[in-house]
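Since the structure comes first, as structure tokens, the remarks are kept for the end.
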Amino acid sequence: MFKPETREYRSFTSFQAIENKSDNPAYHVHGRAVVFEQPTCLLTFEGIKYYEVIDRNAFAFCDMSDVIMNYNHGGKPVARLRNKTLALNITHDGVDVDAYLAGTHEGRNLYEEINGGYIDKMSWAFIVDENGGDTYDPETHTRRILRVKKLYDVAAVDFPAYEQTSLSARRSYMEEHIKDFARLESEQRRKKLIIMSLC
């Protein structure tokens, strides 16, 4: 359904700075970037709410070989899997993030902003597998992401991606697929009318 290499952005949950204790390295932040099996309304189009669900197994074959953490999906990385300053843990409920931000000036500044409560949301940038990586249910207006092909980053963001960054991506998605949605719904209504007329 989606074009290959079309990067998408999502935001789900808050994250927080971890209090510095003797057994905790300084500049540690923790959060959940991705939440599984929770329908989220991405937009309302002509009075219809469109939802998205991340399947619990969507990351089973995901390329997470070099994920970075950054700010608003841009600028210098402040943590990275490759140098072990970023850790991702796929759980039953989602993808948890632990990052150590002491290594760069930008990271230390970001930690202070997180610790002060100025920034408390996360987002993630990804692409869906172009071969059956998602489905769409026209009855519930729900897209289910079944396979994430590649995870690029987890980001600290000023505003959740659902309200800001991914709105433009979602608008583009809707422009591309709204005719398909309407056609599927029209076909279902036609079939119901035929069945009713036969009863």
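Quantities reported herein were computed from a predicted structural model and do not represent experimental measurements. Numbers here are sequence positions counted from 1.
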Kindly list each side-chain donor-acceptor pair under 3.5 angstrom involving residues 58-68, sequence neighbours excluded, with atom names and distances?
residue	atom	partner	partner atom	Å
Asp63	OD1	Ser65	N	3.0
Asp63	OD1	Ser65	OG	2.7
Asp63	OD2	Lys150	NZ	3.3
Asp66	OD1	Arg80	NE	2.9
Asp66	OD2	Arg80	NE	3.3
Asp66	OD2	Arg80	NH2	2.8
Asp66	OD2	Arg82	NH1	3.0

For the CD1 atom of Ile119 and the CD atom of Glu112, what is their distance to the nearest 0.5 Å?
11.5 Å
Do the non-hydrogen side-chain atoms of Arg144 and Glu37 ever get within less than 4.5 Å of each other?
yes
Is a side-chain N or O of Thr44 found less than 3.5 angstrom from the main chain of Gly47, in a donor-acceptor match?
no
From CZ (Phe36) to CD1 (Ile145), nearest 0.5 Å:
11.0 Å
Could you go through Asp137 and His141, starting from their C-alpha distance and side-chain angles, then the distance that decides it, and tell me whether this counts as side-chain hydrogen bond (donor to acceptor under 3.5 Å, both in side chains)?
CA-CA 6 Å; Asp137 182 343; His141 310 289; over 6 Å; no
N-O pairing of Asp129 and Arg147 below 4.0 Å:
yes
Using a 4.5 Å cut-off on heavy atoms from C-beta on, say whether the side chain of Ile114 contacts that of Leu101.
yes
pair Leu146-Asn57: side-chain heavy atoms closer than 4.5 Å:
no
Within this structure, what is the OG1-OH distance for the pair Thr142 and Tyr136, rounded to the nearest 0.5 Å?
7.5 Å
Check: Asp158 main-chain N/O paired with Asn72 side-chain donor or acceptor under 3.5 Å:
yes
May I ask you to test the Val35-Ile54 pair for a side-chain heavy-atom distance under 4.5 Å?
no
Once you measure the plane-to-plane angle for His28 and His30, does it fall in the parallel (<30°), tilted (30-60°) or perpendicular (>60°) bin?
perpendicular
Just by modelled atom types, is the Pro138 backbone N or O under 3.5 Å from a matching donor or acceptor in the Thr140 side chain?
no
Under 6.0 Å between the ring centres of Tyr27 and Tyr111?
yes
